[in-house]
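Since the structure comes first, as structure tokens, the remarks are kept for the end.
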There are 2 protein chains.
Amino acid sequence: MELAQESRRASLALQSATAAHKSAALLRIHDLLAERKDRILEANRQDLEIARKELEAGRITNALYKRLDLSVGDKYASLLQGVLDVDKLDDPTGQVSLARRLDTGLDLYKVSCPVGVLLIIFESRPEVVVQISCLALKSSNAVILKGGKEATHSNQALFEVIQEALASLAPDVQENIPPASVQLVTSRDEIASLLSLDAYIDLVIPRGSKQLVQYVQGATRIPVLGHADGICSVYIDASADVAKALSVVVDSKCTYPAACNSVETLLLHVDVLPMLPKIASALGRNGVQLRMDPQSLASTGTADVATMPSSPADYDTEFLELVLAVKTVRSLEEAIAHVNEHGSHHTDCIVTESSENADMYMRKVDAAGVYWNASTRFADGFRYGFGAEIGVSTNKTHARGPVGLEGLVIYKYRLYGSGSATADYGEGKKAYKHEPIALDSAPHSFRR
Amino acid sequence: MELAQESRRASLALQSATAAHKSAALLRIHDLLAERKDRILEANRQDLEIARKELEAGRITNALYKRLDLSVGDKYASLLQGVLDVDKLDDPTGQVSLARRLDTGLDLYKVSCPVGVLLIIFESRPEVVVQISCLALKSSNAVILKGGKEATHSNQALFEVIQEALASLAPDVQENIPPASVQLVTSRDEIASLLSLDAYIDLVIPRGSKQLVQYVQGATRIPVLGHADGICSVYIDASADVAKALSVVVDSKCTYPAACNSVETLLLHVDVLPMLPKIASALGRNGVQLRMDPQSLASTGTADVATMPSSPADYDTEFLELVLAVKTVRSLEEAIAHVNEHGSHHTDCIVTESSENADMYMRKVDAAGVYWNASTRFADGFRYGFGAEIGVSTNKTHARGPVGLEGLVIYKYRLYGSGSATADYGEGKKAYKHEPIALDSAPHSFRR
């Protein structure tokens, strides 16, 4: 509660942080993280030691253990480079999206500004502390970080370095970016109480398992940005090109099956069942197991691939492994209806040579990403060219799909009058002009 | 539940409604509402008869009674004109806000599309049935209307005409705008169950009292667009021009005190207390009562105005009548701190001749509208030139301030590939181009 109030105060100070202030903070964080690398990896080793026992006892997976390890390969170098990359991004605040002369001496501007206070709840990956702190600062938001207990030492060490960096900034920078701009919460039972603080926290971003996201979505009135499920689909239309189908299906399923943008359901038009053996063989070579409806199963022929009959639940399941549900449909409409009913509105693809069918599919499928002849795995902020990714959202408001820094800003209306009164307008009085004016015609520069 | 599922199905059909389909529907609604005027006013009279007894028994206010009456002045003509006005607005769907070549043969478009299913909960004003139905259709959303019991007959009559209009459209239009696009719920106890249907309803818009809005905000996981409080403020800075101060304060308080954008708190820099008698007199002439801190009270002099000492609660109160809380501050910073602490983030104004102070105020005050020398009552979709207003939002995500049709759309990403696979990109392989391309370079026209 008090912590959230501090974040709120910090967020008000951040409203006047300039691009130069923010850059100074990010570069200082980068330099100090480089300097303190040994200390951080030492803390990380403490987490890894505990995790190794959990791993040996079979209580955690090897994947989780690996996610925890900051010393693996170039992970620490990437973490440092990530800070510099965020620094180079365009400032998302102070951008004017509307400038309108309501009347002479009465000009309106719609200007992007930070959302306010963010709460990030995350699991295992300690580098999230750095990534999200930098994205929050870049967008002039205060952030409260709540990490998982498996990364307690690593999170704490990274947080302390960020605190030290912010506390060492010049006084004029600190005035606008106080150390309380980034806060860390460690104890496990504080989540529920944080989620009740809708008076102080403006946006919650859960990063982690489906269970975590669903818990957060159900437990708070604060807007939640994220996605619980990633049940993506690829539909092979009657007029599909077999080479494109092969390329899209294999890439969508096999490049990283644990990712939310991997395909989980393959729909095939009945007319293209003859291309199934070829697709099934390619998937088989990649170790994929197929769960098939009777018609597609019968059409698989002698393809060298593990198959089994599908159950209805398979079409509502995010497998997150090398398993793919396969279903035959009789029409484009049936495919669209299936996706809208069973998908999770994340990313869905049609493979077809028909421009008309592609357009109908892309129009009617209600998903954050609708693709034509492209792997579902392109659903990613970096691949979209956003330079950063806050997360992927299946929300229907605010931000949808891969979300870059624009998901951390909202806007305010600035109105510049001259003693202007509404009573002067109306029938028999002055009329509004509502003329577009140059985005930069305000007496104040919004970007600093 | 079944009703909400029907709305969901209608919303999927609406995804392919063209501008021409939507125009046909709106014009048909307009014509039939004109034709059925007598029947609707007859139904309205039934509501008015019941309401008159409530009024006489002192159970409802005269203001509520008047809001219910569709036959007053040119209200019905305005209602009809409103339908034509919505028809003339630009289609908010199919607008491209980003077009980017990720690589040769891999083009990305961010295209606006409807949110999906809207739930509107409103009180007394039956014309909301028509306004919101038209705005929903214009933005290709399905809508569930839940009106108050005091307008049962009027709402039902208006709804029936809209149903009749939709059911009489040509088959190709009906295919994309089925009659279930607009649905009406009448019984009182259905609100709670509707608010639990987050699987089918994408956005709730409560239009009515603060109590209604707060109840809705607390009772649902569905995103809510609206505002509970309108505690707007005007701050008279040390360097204010007295004529501008007078004009802004009187207009902000007196033109329509029951509106959410009316001022409730007047802050005065201690240096401008000498201009208070003049402002107080002008407010007094308009029947305003002032609730004042000791210093401002002492500075009011012989001004002919009703005054009383303020209590702390007055600075957190939306009076919605001719009452104004007045407080002296010692600095711009104190004014900003007061507004951020006690305001409702709706609309706040500074009166000053100092461009620097104006900029600091507008930057640091965290509100949907920050005004310089302009009445808070300009916070209105029509005055902003939006052509329509869904409501005013004090949310920090999705839409803020007066919300036009853009608050009823979100976007989807359309990706046009050529069998494209992510595995072809990365170190030693292809690189992303991320080049801007023309917004209209897609093989499909998004605006139809």
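In what follows, chains carry the letters A, B, and so on, assigned in the order in which the sequence lines appear, proteins first and then strands, with residues in each chain numbered from 1. Computation of the quantities below employed the complete heavy-atom set of this structure, encompassing side-chain atoms and omitting hydrogens, waters and symmetry-equivalent molecules. The structure displayed is predicted, hence computed values, not measured ones.
- Glu353(A) is linked by a salt bridge (charged side-chain N to carboxylate O under 4.0 Å, His left out) to Lys244(A), counting only residues two or more places apart in sequence or in another chain.
- For Arg8(B), the part lying near chain A is the side chain, with the backbone staying farther off; criterion is any non-hydrogen pair under 4.5 Å.
- Looking at Asp251(B), its side chain does come within 3.5 Å of a backbone N or O of Thr422(A) through a donor-acceptor pair.
- Under 4.0 Å is where a charged nitrogen must lie from a carboxylate oxygen, and between Asp359(B) and Arg414(A) at least one such pair does.
- Counting heavy atoms from C-beta outward, Thr397(B) and Thr397(A) have side chains that stay 4.5 Å or more apart.
- Atom CD of Glu356(A) is surrounded by 12 or fewer heavy atoms from other residues, nucleotides or ligands within 6.0 Å.
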- Task: In sequence, state the C-alpha distance, the side-chain angles, and the governing distance for Phe446(B) and Arg363(A), and then conclude on side-chain contact (heavy atoms from CB on, under 4.5 Å).
- Result: CA-CA 9 Å; Phe446(B) 304 129; Arg363(A) 190 177 294 279; 5.6 Å; no
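- With chain A as the partner, the residue from Arg9(B), His345(B), Met362(B), Lys110(B) showing the most heavy-atom pairs under 4.5 Å is Met362(B).
- Between chain A and the residues Gly116(B), Ala399(B), Ala243(B), the most heavy-atom pairs under 4.5 angstrom are made by Ala399(B).
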Exercise. Using the side-chain contact (heavy atoms from CB on, under 4.5 Å) rule, take Phe378(A) and Leu108(B) through it: C-alpha gap first, then chi angles, then the decisive distance, then the call.
Key: CA-CA 10 Å; Phe378(A) 282 107; Leu108(B) 181 71; over 6 Å; no
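- Proximity to chain B (any heavy atom under 4.5 Å) is restricted, for Leu106(A), to the side chain, taken from C-beta onward.
- The main-chain N or O of Tyr384(A) is found under 3.5 Å from a side-chain atom of Arg100(B) such that the two form a donor-acceptor pair.
- When each of Ser355(A), Pro443(A), Pro402(A) is checked for heavy-atom pairs under 4.5 Å with chain B, Ser355(A) comes out on top.
- Residue contact with chain B, scored on non-hydrogen atoms closer than 4.5 Å, is absent for Ala379(A).
- Listed options Gly401(A), Pro114(A), Gly369(A), Ser16(A) were ranked by heavy-atom pairs under 4.5 angstrom with chain B; first place goes to Ser16(A).
- In this structure a side-chain-to-backbone donor-acceptor pair under 3.5 Å is missing from Lys396(B) to Val117(A).
- For the atom pair OG of Ser375(A) and CG of Asp424(B), the computed distance is 10.0 Å after rounding to the nearest 0.5 Å.
- Under the 30°/60° scheme for interplanar angles, the aromatic rings of Phe386(A) and Tyr413(B) are found to be tilted.
- For the pair Ser247(B) (side chain) and Gly419(A) (backbone), a donor-acceptor distance under 3.5 Å is present.
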Residues 215-226 of chain B side chain polar contacts: donor-acceptor under 3.5 Å, at least two apart:
from, atom 1, to, atom 2, distance (Å)
Thr220(B), OG1, Leu195(B), O, 2.7
Thr220(B), OG1, Ile222(B), N, 3.0
Arg221(B), NE, Gln217(A), O, 3.4

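- With respect to chain B, the highest number of heavy-atom pairs below 4.5 Å among Val370(A), Leu14(A), Asp366(A), Val115(A) belongs to Val370(A).
- Highest contact tally toward chain A, considering only Cys113(B), Ala13(B), Ala423(B), Gly105(B), is held by Ala423(B) [criterion: heavy-atom pairs under 4.5 Å].
- Contacts between Thr352(A) and chain B at a heavy-atom distance below 4.5 Å are absent for every atom of the residue.
- Looking at Ser445(B), the atoms closer than 4.5 Å to chain A (heavy atoms on both sides) all sit in the backbone: N, CA, C or O.
- Among the candidates Asp202(A), Val351(A), Asp103(A), Ile336(A), the residue making the largest number of heavy-atom pairs closer than 4.5 Å to chain B is Asp202(A).
- Heavy atoms closer than 4.5 Å to chain B are found in the backbone of Val365(A), but not in its side chain.
- Note on Val248(B), Asp198(B), Asp241(B): by heavy-atom pairs under 4.5 Å with chain A, the leading option is Val248(B).
- In this structure a side-chain-to-backbone donor-acceptor pair under 3.5 Å is present from His434(B) to Arg383(A).
- Looking at Lys433(A), there are no atoms closer than 4.5 Å to chain B (heavy atoms on both sides), in backbone or side chain.
- For Ala368(A), the part lying under 4.5 angstrom from a heavy atom of chain B is the backbone only.
- Contact of Val409(B) with chain A is not made at all, since no heavy-atom distance falls under 4.5 Å.
- Your options are Thr347(A), Asp380(A), Asn340(A), and the one with the most heavy-atom pairs under 4.5 Å with chain B is Asn340(A).
- Not one N or O on the side chain of Lys412(B) forms a donor-acceptor pair closer than 3.5 Å with the backbone of Arg400(A).
- Taking every heavy atom of both residues into account, Gly417(B) and Ala374(A) meet most closely at CA-CB, 4.1 Å.
- The parts of Ala358(A) that come within reach of chain B are both its backbone and its side chain, each placing non-hydrogen atoms under 4.5 angstrom from that chain.
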